[in-house]
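Report on one structure; see the data block that follows.
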Amino acid sequence: MTRSALLRSCLVVSASLAAATLGPGMAAQRATAPSATRATAISIKGDTFLINGRPTLAGLTWRGYRLEGLLPNSRMVQGVFDDLNPDTRGRWAYPDTKTWDPDRNTREFVAAMPEWRRHGLLAVTLNLQGGSPEGYSQAQPWHNSAFAEDGSLRPEYMVRVERILNEADRLGMAVILGLFYFGQDERLRDEPAVVRAVEGAVTWVLDKGYRNVLIEINNECNVKYDHAILQPARVHELIARARSIARGGRRLLVSTSYGGNTLPGAEVLAASDFVLLHGNGISNPDRIAEMVRQTRAMPAFTPKPVVFNEDDHYDFDKPRNNFVAATSEHASWGFFDFRRKEEGFDEGYQSVPVNWGISSARKRGFFGLLREMTGGQ
């Protein structure tokens with residue numbers, strides 16, 4: 001054997017031993033460690049979002065409304081969905097294969113992202129505990145969580161998260177990465193596990209070198225959370241904890257959201273880098289505009305972006321709708337779509353299994369208006 005062949009053989013053996021020591025999940029994470037560069041970095045200056053140092057939608061207006069600095073987004077929280085409960089897993093079977101496949105779900109999500117971006121979408125909301133796969137649910141017997149009981153990260157989930165973040169980075173898109181969802185937070189055994197989960201997720205994003213990620217501690221902190229630290233009176237503690245974690249002098253931008261038609265509490269507002277509002281339950285677009293004005297009038301408010309990242313009201317063919325109303329107040333708006341009763345596979349982005357294409361009238365309505373506004377930029 002030549003010296004070079006011997007060296008190659010040694011390297012292969014070393015890699016195999018490392019993979020065996022780390023386990024398959026950790027080996028995958030090691031294999032996809034960040035390169036020296038990432039393509040997309042999101043930042044904030046005043047009330048303006050910037051991507052790679054330049055205001056988003058720079059110089060654009062639509063119907064006289066300033067778009068520069070906005071972050072049009074869509075709630076796509078099920079991109080890494082799985083169900084660890086064997087009693088409910090069968091609910092999510094694809095109509096063609098009659099089985100559920102979490103890797104197919106993420107693969108088809110990633111394949112759809114370039115088309116979303118061509119229509120002008122600049123961000124998606126993803127969540128490590130997803131959202132209700134039925135749209136709205138009274139009970140959640142399924143088990144969908146990227147966190148184990150002790151708050152550690154499940155490697156198989158994070159491999160799927162990485163695929164989405166990599167494609168978003170390539171496309172020049174941001175990801176609002178939610179950590180917890182009510183109905184699933186009880187999967188973590190106690191408060192130290194919740195804190196560990198926050199620290200682990202934020203550290204993972206930083207160690208991977210991603211610069212296109214915004215953190216949403218939990219979806220709608222005022223709705224049904226078991227752990228006190230995830231509820232409105234204390235969730236600002238987790239915002240502060242996430243903001244305190246840095247790598248090379250760089251930290252992530254952090255916020256949390258409340259339920260529809262609810263203004264943020266003063267401590268959350270003061271602690272957050274950007275404001276997250278929800279438009280659920282608001283059928284009058286004037287109330288959307290009023291919420292933005294009321295938020296900015298709060299004593300704790302300082303200049304920062306205001307973002308709706310969940311709203312299930314549409315009327316995209318009408319001259320005044322919730323999307324237009326938010327834009328008129330220079331607030332970013334986010335599309336939330338779920339499958340209604342009697343609707344099929346092509347409908348809804350939150351109901352599992354998901355057709356991630358622009359495959360229904362509602363989806364086409366949103367993306368059509370978005371493209372009209374932004375010119376696909």
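For the residue pair R287 and N261, a side-chain donor N or O sits within less than 3.5 Å of a side-chain acceptor on the partner. Side chains of S244 and R241: a donor on one and an acceptor on the other come within 3.5 Å. Inspection of the Y210 and N166 side chains reveals an N or O donor paired with an N or O acceptor under 3.5 Å. A donor-acceptor pair shorter than 3.5 Å can be found between the side chains of N309 and E216. Between the side chains of N219 and Y225, not a single donor N or O lies within less than 3.5 Å of an accepting N or O. N212 and D169 form no side-chain donor-acceptor contact under 3.5 Å, judged by distance and modelled atom types alone. For Q377 and T374, the side-chain atoms include no donor-acceptor pair closer than 3.5 Å. Counted by atom type alone, S145 and Q184 present zero donor-acceptor pairs between their side chains at under 3.5 Å. Remark: the N355 side chain and the R339 side chain contain no N/O donor-acceptor pair separated by less than 3.5 Å. With hydrogens and angles left out, the side-chain atoms of D337 and Q350 include no donor and acceptor closer than 3.5 Å. Under the 3.5 Å distance criterion, with hydrogens and angles disregarded, a donor-acceptor pair is assigned to the side chains of W333 and D311. Side-chain contact, W92 with D82: no donor N or O sits under 3.5 Å from an acceptor N or O. Side chains of D83 and W100: a donor-acceptor N/O pair is absent below 3.5 angstrom, by distance only.
Side chain of R163 to main chain of M158: no donor-acceptor pair is present (N/O by atom type, distance under 3.5 Å, no hydrogens or angles). A donor-acceptor contact shorter than 3.5 Å links the side chain of N52 to the backbone of A39. In terms of modelled atom types and a separation under 3.5 Å, the side chain of R243 and the main chain of A271 share a donor-acceptor contact. Side-chain atoms of H278 do not come within 3.5 Å of backbone N or O of T262 as any donor-acceptor pair. In this structure, the side chain of Q231 does not engage the main chain of C221 through any donor-acceptor pair within 3.5 Å. Here the side chain of N144 pairs a donor or acceptor atom with the backbone of Q129 at under 3.5 angstrom. The main-chain N or O of L269 is never found under 3.5 Å from a side-chain atom of H236 such that the two would form a donor-acceptor pair. In this structure, the side chain of N105 engages the main chain of Q78 through a donor-acceptor pair within 3.5 Å. Of the possible polar contacts, one joining the S359 side chain to the D346 backbone as a donor-acceptor pair under 3.5 Å is found. In this structure a side-chain-to-backbone donor-acceptor pair under 3.5 Å is missing from T203 to G200.
Aromatic rings from F335 and Y314 are positioned such that their centres are separated by under 6.0 Å. Taking the centre of each ring, F323 and F308 stay at or above the 6.0 Å mark.
Partner of P72 under the side chain to side chain contact (heavy atoms under 4.5 Å, CB included) criterion, out of L370, V307, T56: L370 alone. Each of S257, P264, S255 was checked for a side chain to side chain contact (heavy atoms under 4.5 Å, CB included) with S272, and the lone residue meeting it is S255. For the side chain to side chain contact (heavy atoms under 4.5 Å, CB included) criterion with D185, the lone passing option out of V194, I229, L230 is L230.
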What do the steps show when you test E167 against R170 for salt bridge (charged side-chain N to carboxylate O under 4.0 Å, His left out), and what is the final call?
CA-CA 5 Å; E167 182 67 357; R170 186 186 73 82; 2.8 Å; yes
Working for side-chain hydrogen bond (donor to acceptor under 3.5 Å, both in side chains), residues E134 and S137
CA-CA 6 Å; E134 297 176 337; S137 307; 3.1 Å; yes
Just do the ring-ring contact (aromatic ring centres under 6.0 Å, His included) check on W116 and F366 with the steps written out, would you?
CA-CA 11 Å; W116 304 341; F366 166 66; over 10 Å; no
Working note: R196 + E199, criterion salt bridge (charged side-chain N to carboxylate O under 4.0 Å, His left out); need CA distance, chi angles, decisive distance, verdict.
CA-CA 5 Å; R196 182 184 183 190; E199 293 174 345; over 6 Å; no
What's the verdict on salt bridge (charged side-chain N to carboxylate O under 4.0 Å, His left out) for D315 and R362, showing C-alpha distance, side-chain angles and the deciding distance?
CA-CA 9 Å; D315 291 331; R362 282 196 302 272; over 6 Å; no
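Side-chain contact between P102 and F81 is absent, with no heavy-atom pair separated by less than 4.5 Å. Side-chain contact between K304 and D273 is absent, with no heavy-atom pair separated by less than 4.5 Å. Taking 4.5 Å as the limit, some side-chain heavy atom of L71 sits within range of a side-chain heavy atom of I42. Contact check for E310 versus T125: no side-chain heavy atoms found under the 4.5 Å cut-off. Side-chain contact between R234 and E191 is present, with heavy atoms from C-beta onward closer than 4.5 Å. Proximity of F274 to V306: side-chain heavy atoms (C-beta onward) are nowhere separated by under 4.5 Å. Proximity of V80 to F109: side-chain heavy atoms (C-beta onward) are nowhere separated by under 4.5 Å. Residues I164 and L126 have side chains in contact (heavy-atom distance under 4.5 Å, counting atoms from C-beta outward).
Cluster membership for L238 and Y258, using ILVMFWY side-chain heavy atoms within less than 4.5 angstrom, is shared. V213 and L50 fall into different hydrophobic clusters, defined by Ile, Leu, Val, Met, Phe, Trp and Tyr side-chain heavy atoms under 4.5 Å apart, directly or through other members. Residues V268 and I215 share a single hydrophobic cluster, defined by chaining ILVMFWY side chains whose heavy atoms lie under 4.5 Å apart. If you chain together hydrophobic residues whose side chains sit under 4.5 Å apart, V205 and Y181 fall into the same group. Hydrophobic clustering (ILVMFWY, side-chain heavy atoms < 4.5 Å, transitive): L171 and F367 are in one cluster.
Through direct or relayed side-chain contacts under 4.5 Å between Ile, Leu, Val, Met, Phe, Trp and Tyr, F338 connects to Y136, F336.
Considering CG of L70 and OG1 of T48, their distance stands at 8.0 Å, rounded to 0.5 Å. Distance CD1/I176 to CG/L276: 6.0 Å, rounded to 0.5 Å. For the atom pair CZ (R211) and CG (L253), the distance works out to 12.0 Å, reported to the nearest 0.5 Å. Rounding to the nearest 0.5 Å places CZ of R189 at 5.0 Å from CG of D150. Here CG of L128 is found 12.0 Å from CG of N218. Values are rounded to the nearest 0.5 Å. For the atom pair Q140 CD and N85 CG, the distance stands at 12.0 Å (nearest 0.5 Å).
A cation-pi arrangement is not found for R75 relative to Y349, the charged atom failing to lie both closer than 6.0 Å to the ring centre and inside a 45° cone about the ring normal. Both tests pass for R104 against the ring of Y94: distance under 6.0 Å to the centre and angle within 45° of the axis. A cation-pi arrangement is not found for R63 relative to Y65, the charged atom failing to lie both closer than 6.0 Å to the ring centre and inside a 45° cone about the ring normal.
Applying the 6.0 Å contact sphere to CZ of R187 captures more than 12 heavy atoms from other residues, nucleotides or ligands.
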